[in-house]
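Each residue takes its place number in the sequence, starting with 1. Given the structure is predicted, the values throughout are model-derived calculations rather than measurements.
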Amino acid sequence: MMENFKIIGISVQTTNQNNQAATDLGQLWSRFYQEEISKQIPSKESDDVYAIYTDYESDYTGKYTTIIGHRVSTLDIIPDGLTGREIKNEKLLRYIAKGEMPNAVVESWQEIWANDIALYRTYHADFEVYGEKSQQGGDSEVEIYIGVR
């Protein structure tokens with residue numbers, strides 16, 4: 001089930017105000033690859049990379065936490081400097097961002113924010129899944145899941 005899972009990764013608190021998230025998330029993604037965070041995560045369930053948005057202060061206009069990491073089978077061991085979290089949603093809506101990354105993901109989020117779906121969002125945890133198809137240039141695909149009631 002995609003609704004409930006555990007994640008370990010690196011995290012940052014940010015906000016969409018004043019383009020802050022673009023800067024913070026760019027730095028977080030760079031760290032994830034430069035410091036080879038994947039290799040530090042125990043009990044990985046897959047090589048898919050997850051970007052989780054959670055701890056929302058209010059809605060998408062307020063502060064929130066982003067965690068970039070992998071799904072894991074247990075949170076028993078969380079290495080120093082990493083964050084472990086259980087993600088729980090009752091219902092999810094799935095979007096597929098298609099095209100050059102990260103532009104396609106950014107465009108999908110802009111559509112989500114502008115859409116009536118905003119009324120039904122729970123703001124518990126939303127996430128993106130970067131699987132095998134996410135590294136294919138103009139043909140890339142990334143799944144985006146939104147928690148809704």
side-chain hydrogen bond (donor to acceptor under 3.5 Å, both in side chains): pairs with one or both residues in residues 109-118, sequence neighbours excluded = W109-E128

Can you list the residues that meet the side-chain contact (heavy atoms from CB on, under 4.5 Å) rule with I78, with sequence neighbours excluded?
-> I8, L75, L82

Any residue meeting salt bridge (Lys or Arg N to Asp or Glu O under 4.0 Å) with E45, in chain and number order, not counting sequence neighbours = R71

Could you give all pairs that pass the ring-ring contact (aromatic ring centres under 6.0 Å, His included) test and reach residues 67-87, with sequence neighbours left out?
-> F32-H70

For T23, which residues count as a side-chain contact (heavy atoms from CB on, under 4.5 Å) partner, sequence neighbours excluded?
-> Q27

Non-neighbouring partners of K91 that pass salt bridge (Lys or Arg N to Asp or Glu O under 4.0 Å), sequence neighbours left out = none

Do L92 and F127 come within less than 4.5 Å of each other through their side chains, counting heavy atoms only?
-> yes

Side chain to side chain contact (heavy atoms under 4.5 Å, CB included) between I87 and N4, worked out | CA-CA 5 Å; I87 302 302; N4 302 305; over 6 Å; no

Kindly state each residue pair satisfying side-chain hydrogen bond (donor to acceptor under 3.5 Å, both in side chains) with at least one member in residues 135-149, sequence neighbours excluded.
-> R94-E143, R94-Y145, E143-Y145

Would one find more than 12 heavy atoms of other residues, nucleotides or ligands at under 6.0 Å from atom CD1 of I96?
-> yes

Considering residues at least two apart in sequence or located in another chain, which fulfil the side-chain contact (heavy atoms from CB on, under 4.5 Å) criterion with D48?
-> S46, Y50, V129

Test side-chain contact (heavy atoms from CB on, under 4.5 Å) applied to T14 - qualifying residues, sequence neighbours left out = Q20, A21, D24, L25, Y64, T66

With K88, which residues qualify under salt bridge (Lys or Arg N to Asp or Glu O under 4.0 Å), at least two apart?
-> none

Measure from the side-chain N and O atoms of D126 to the backbone N and O of I52, and report whether any donor-acceptor pair falls under 3.5 Å.
-> no

From CA spacing to verdict: side chain to side chain contact (heavy atoms under 4.5 Å, CB included), T54, H124 | CA-CA 6 Å; T54 189; H124 294 320; 5.8 Å; no

Inspect the contact between K63 and D55 and indicate whether a charged nitrogen and a carboxylate oxygen are less than 4.0 angstrom apart.
-> no

Considering all heavy atoms, the nearest I41-G9 contact | CD1-CA, 4.3 Å

Check ring pair (Phe, Tyr, Trp, His ring centres under 6.0 Å) between Y95 and all other residues, then give those that pass, not counting sequence neighbours.
-> none

Point-to-point distance, once rounded to the nearest 0.5 Å, from CD1 of I68 to OG1 of T83 = 11.5 Å

Sequence neighbours excluded, which residues qualify as salt bridge (Lys or Arg N to Asp or Glu O under 4.0 Å) partners of E132?
-> none

Between Q13 and T65, is there a donor-acceptor pair closer than 3.5 Å when you use the side chain of the first and the backbone of the second?
-> no

